[in-house]
Amino acid sequence: MELLRSHVEHLLTAALANLGITNDAWKPMISPSREKEMGDLSLPCFAFSKQLSMAPQEISAQLAQSISPDQIISEVNSTSGYLNFKASPAWLANQILAGNIRIGDATGKSPTGHKSVLIEHTSANPNGPFHVGRARNAILGDTLVRLNRLHGNEVRAEYYVDDMGKQVAVLAWALEHLTAARVEEILADREPVNPEWQDKPDHMRVRWYQAAQVLRSDDAEKESIEQAISSMVHASENGDQGVLDAFENAYQPVLDGMLETLNRLRIGFDEFTKESIFVTNGDVSAIMNQLSDLEIHGIAENGAEYLDLGARGLKGKTEFYFKRGDGSSLYATRDIAYHIWKFQQSENLINVLGEDHKLQSKQVSMTLNELGQNSPEVLFYSFIKLPEGKMSTRKGNVVFMDDLLEEAKAFAANVVREIRVDYSEEMIAEIAEAVGTSAVRFNIIKVSPDKGFTFRWEEALSFDSDSAPFIMYSHTRTKSIARKCAAFGIEIDTINPNEISLESLDDCPNGLYNLLRTITIHNDVLRRSVEQNRPNLFANQMLNLANSYNGFYRDCKVVEDGEVDLLYLAISEIASKMLEAGMIGLGIQPLEQM
RNA sequence: GGGCGCGUAGCACAGCUGGAUAAUGCGUCGGCCUCCUAAGCCGAAGAUCGCGGGUUCGAAUCCUGCCGCGCCCGCCA
């Protein structure tokens with residue numbers, strides 16, 4: 001698209017000069033045409049009106065008159081004050097066939113070196129299985145990782161393991177002090193564990209955690225329990241290796257279970273960093289000392305220390321505490337140490353956080369700035385609600401990701417079984433797994449992260465035109481065509497794009513023209529999506545690409561009467577590769593057939 | 001009470017670096033399988049872009065007030 005833009009700018013510079021406009025202020029005003037019927041790029045002429053004392057319609061009409069179509073631009077027209085440029089189909093096809101449109105690779109094997117990015121996401125407390133709400137973080141974060149790779153960035157995906165807070169302490173305490181029978185007795189009034197997950201430690205051990213939570217609020221001994229937990233927390237914060245080991249033994253199997261769920265969604269990490277490291281290696285106390293030297297630093301009566309971020313413009317609650325009265329650190333303090341370490345790994349940091357972390361994140365960023373550090377980019381997302389209200393583990397008002405994935409797979413299997421009667425059960429299972437997991441991911445990333453949305457089973461399991469299976473389906477059509485052509489003895493890889501005749505494009509079918517145009521802007525959308533950390537923009541582009549391919553499929557028969565149209569085949573193959581790369585970028589699993 | 005975010009057809013949402021007739025899916029109504037996979041395609045109906053004010057040649061988009069919803073306002077994580 002950049003090439004088209006610079007060509008249009010070139011044509012316009014001359015045309016506008018004739019009207020007496022010599023500055024460049026109009027250049028950023030050239031934008032993709034909203035009315036696709038009219039053109040690819042448009043220039044609104046309203047702004048020239050005053051300077052030229054002419055009606056905008058008249059200006060655009062005169063400009064259209066003075067610019068004649070060429071190899072690249074097949075049409076220049078003027079409507080209601082807009083000057084529209086339409087790219088020539090043959091030129092578009094030529095660009096695409098010549099490989100000037102980047103297909104990309106989301107696997108991270110071939111970063112083209114835009115920049116390096118460290119993305120931290122998920123970082124969920126290892127105390128129980130993922131529910132749909134917590135999983136939004138992982139899906140959003142992993143998609144960001146993939147899209148950055150597709151864009152050519154070198155990405156490292158990080159999970160920050162909270163291995164020393166109260167949550168782990170509660171879990172460790174429970175595992176040490178409660179028998180299985182006691183746990184079930186305490187949780188007698190709750191839903192039992194789904195037998196399906198009886199061997200999955202995240203589902204099992206969360207029972208201990210939940211039982212402990214009950215005891216902490218109701219039990220006669222709750223004070224001594226609280227004391228026991230609190231002393232474990234303190235010991236861990238002082239770097240007590242015995243306690244830290246006990247914590248690890250408690251949470252590691254839970255974390256493994258959680259990662260198994262993510263793995264099924266094709267979500268993985270390059271590195272796990274434990275919070276405790278920054279305490280045991282001394283970073284945290286060094287930072288507390290630095291913070292104590294800052295001008296905006298303050299001390300409470302009991303010796304606790306804070307920064308007065310109000311002095312730096314923070315509104316609302318302005319004291320940011322980084323040290324407790326007993327001298328120990330807080331979560332946020334350790335987070336600052338973690339960020340400083342992360343900045344040593346990469347200049348560009350992105351965090352994925354729930355909206356409940358907004359204030360905390362702001363405080364951390366401001367403090368980092370005080371220490372002369374940059375602040376990370378943060379993608380915040382709103383929570384997923386259930387029709388009955390907020391998701392709450394305590395009320396049993398949750399949808400576990402493991403259950404959703406099973407449901408999605410079963411639902412997909414039913415669909416496949418119904419419409420592909422000749423498929424084996426093995427094939428059906430494979431397709432259903434891919435469709436189910438892809439659909440779950442896509443349904444979460446297609447909506448804007450700052451929109452809180454309500455989880456509904458019928459929508460999560462919807463495989464209609466706005467979903468991953470729609471994209472997957474278009475892609476399998478490309479595969480089906482390729483197989484058919486191979487059966488005719490055509491080796492796709494041996495086709496030389498330069499030898500394909502573009503003559504037929506003088507009368508380009510609409511479906512083909514639309515596909516060419518969608519392919520051309522594909523990378524512009526990707527760039528925007530990555531730069532703005534908004535995966536939903538690219539998700540939408542992928543729907544458009546699939547939709548355009550379907551139009552091409554309708555209008556252009558690659559194989560007809562036993563004859564293969566090489567131009568159509570070449571375009572179909574490029575669309576296929578672009579679909580596949582984009583699908584991997586969104587975590588959708590491409591299939592040969594479905 | 002204060003801070004941040006959201007409010008677009010019956011439902012769910014896109015668009016928000018200001019620009020043309022507000023895009024899409026579900027649902028509703030109608031059409032397309034002797035033709036590369038119909039999980040598809042084509043068409044119809046359906047919107048005072050929460051309400052009021054402002055800036056502008058032009059506002060769903062920017063500013064402001066109000067209303068509604070969400071999140072936060074721990075020496076928790």
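Note that the structure is predicted; figures quoted are calculated from it, not measured. Here is the naming used below: chain letters follow the sequence lines, and residue numbers restart at 1 for every chain.
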**OP:** Go through the steps to decide whether Ile471(A) and Phe442(A) satisfy the test side chain to side chain contact (heavy atoms under 4.5 Å, CB included), and finish with yes or no.
**Re:** CA-CA 10 Å; Ile471(A) 298 168; Phe442(A) 192 83; 3.7 Å; yes

Original post:
Would Phe320(A) and His297(A) satisfy ring pair (Phe, Tyr, Trp, His ring centres under 6.0 Å), going step by step from the backbone distance to the final call?
Top reply: CA-CA 9 Å; Phe320(A) 167 55; His297(A) 151 266; over 10 Å; no

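Counting only N and O atoms by type, the side chains of Ser78(A) and Asn84(A) include no donor and acceptor under 3.5 Å apart. Looking only at atom types and distance, the side chain of Thr143(A) has a donor-acceptor partner in the side chain of Arg441(A) under 3.5 Å away. Of the N and O atoms on the side chains of Tyr321(A) and Gln363(A), not one donor lies less than 3.5 Å from an acceptor on the other residue. Counting only N and O atoms by type, the side chains of Gln57(A) and Ser60(A) include no donor and acceptor under 3.5 Å apart. In summary, the side chains of Asp40(A) and Ser33(A) do not present any donor paired with an acceptor at a separation below 3.5 Å, with no hydrogens or angles considered.
Nucleotide rA12(B): paired with rU24(B) (Watson-Crick or G-U wobble, both distances less than 3.5 Å). Under the Watson-Crick or G-U wobble criterion, with both distances below 3.5 Å, rG70(B) is paired with rC4(B). Base pairing analysis places rG65(B) opposite rC51(B); the two distances defining the Watson-Crick or G-U wobble pair are each below 3.5 Å. Under the Watson-Crick and G-U wobble criteria, each requiring two contacts below 3.5 Å, nucleotide rC32(B) is paired to rG40(B).
Separating the CZ atom of Arg554(A) from the C1' atom of rG40(B) is a distance of 11 Å, rounded to the nearest angstrom. Atom C1' of nucleotide rU17(B) and atom CZ of Arg527(A) are separated by 13 Å, given to the nearest angstrom. Atom-to-atom, CG of Asp561(A) to P of rC36(B) comes out at 11 Å; the value is rounded to the nearest Å. The distance between atom CD1 of Ile588(A) and atom P of rA39(B), rounded to the nearest whole Å, is 18 Å. At whole-Å resolution of the value, CZ in Phe470(A) and P in rA39(B) are 12 Å apart. Computed from coordinates, the Asn544(A) CG to rG15(B) P distance equals 12 Å when rounded to whole Å. If you measure from atom NZ of Lys362(A) to atom C1' of rG5(B), you get 14 Å, rounded to the nearest angstrom. As a whole-Å value, the separation of Phe411(A) CZ from rA39(B) P is 14 Å.
rG52(B) and rC67(B) have their P atoms separated by 15 Å, with the value rounded to a whole Å. Nucleotides rG50(B) and rC57(B), compared at atom P, are 25 Å apart to the nearest Å. Comparing rC32(B) with rA38(B), their P atoms sit 16 Å apart, to the nearest whole Å. Here the separation of rU24(B) from rG70(B), taken at their C1' atoms, is 25 Å to the nearest Å. Across rG74(B) and rG65(B), the matching C1' atoms stand 33 Å from one another, rounded to whole Å. Using atom P as the reference point in both rG40(B) and rA45(B), the two lie 23 Å apart (nearest Å). Comparing rA22(B) with rU48(B), their C1' atoms are spaced 14 Å from each other, to the whole Å. Rounded to whole Å, the separation between the P atoms of rU8(B) and rC62(B) comes to 15 Å.
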Original post:
In B/S/- notation, 5' to 3', how is nucleotides 71-77 of chain B contacted by protein heavy atoms closer than 4.0 Å?
Top reply: SSSSBSB

Subject >> Protein proximity profile, nucleotides 20-34 of chain B - base contact B, sugar-phosphate-only contact S, no contact -, cut-off 4.0 Å on heavy atoms >> reply: B-S-BSS--------

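A close approach under 4.0 Å does not occur between any side-chain nitrogen or oxygen of Arg528(A) and OP1 or OP2 of rG15(B). At the phosphate of rC69(B), neither OP1 nor OP2 sits under 4.0 Å from any side-chain N or O atom of Lys385(A). Not one side-chain nitrogen or oxygen of Lys451(A) sits closer than 4.0 Å to the OP1 or OP2 atom of rC6(B). Between rC36(B) and Tyr568(A), no contact under 4.0 Å exists linking OP1 or OP2 to a side-chain N or O.
In this pair, Phe463(A) and Phe411(A) present their aromatic rings perpendicular. The plane angle is above 60°, beyond the 30 to 60° band.
Minimum atom distance to the side chain of Lys358(A) is reached by rG5(B), of the listed rG5(B), rC41(B), rA39(B).
Heavy-atom nearest nucleotides on RNA chain B were determined for Tyr423(A) and for Asn536(A), and the one closer to the 5' end corresponds to Asn536(A). If you find the closest nucleotide of RNA chain B to Arg534(A) and to Tyr553(A), the one lying nearer the 5' end belongs to Arg534(A).
The distance from the CE atom of Met542(A) to the CG atom of Leu526(A) is 10.5 Å, given to the nearest 0.5 Å. From Arg477(A), atom CZ reaches atom OH of Tyr553(A) across 4.5 Å, with rounding to the nearest 0.5 Å.
A syn orientation is assigned to rC33(B), its glycosidic angle lying within 90° of 0.
The residue Cys45(A) sits apart from the nucleic acid: no heavy atom pair falls under 4.0 Å. Within 4.0 Å (heavy atoms only), Ile431(A) reaches at least one base atom of the nucleic acid. At the heavy-atom level, Met594(A) lies under 4.0 Å from base atoms of the strands shown. Among the protein residues, Asn547(A) comes within range of the sugar-phosphate backbone only, with heavy atoms under 4.0 Å from sugar or phosphate atoms but none that close to a base. Using a 4.0 Å heavy-atom criterion, one finds that Phe380(A) contacts no nucleic acid atom at all.
Partners of Thr367(A) under the side-chain hydrogen bond (donor to acceptor under 3.5 Å, both in side chains) rule, at least two apart in sequence or in another chain, do not exist in this structure.
In this structure, the side chain of Thr333(A) does not engage the main chain of Ser329(A) through any donor-acceptor pair within 3.5 Å.
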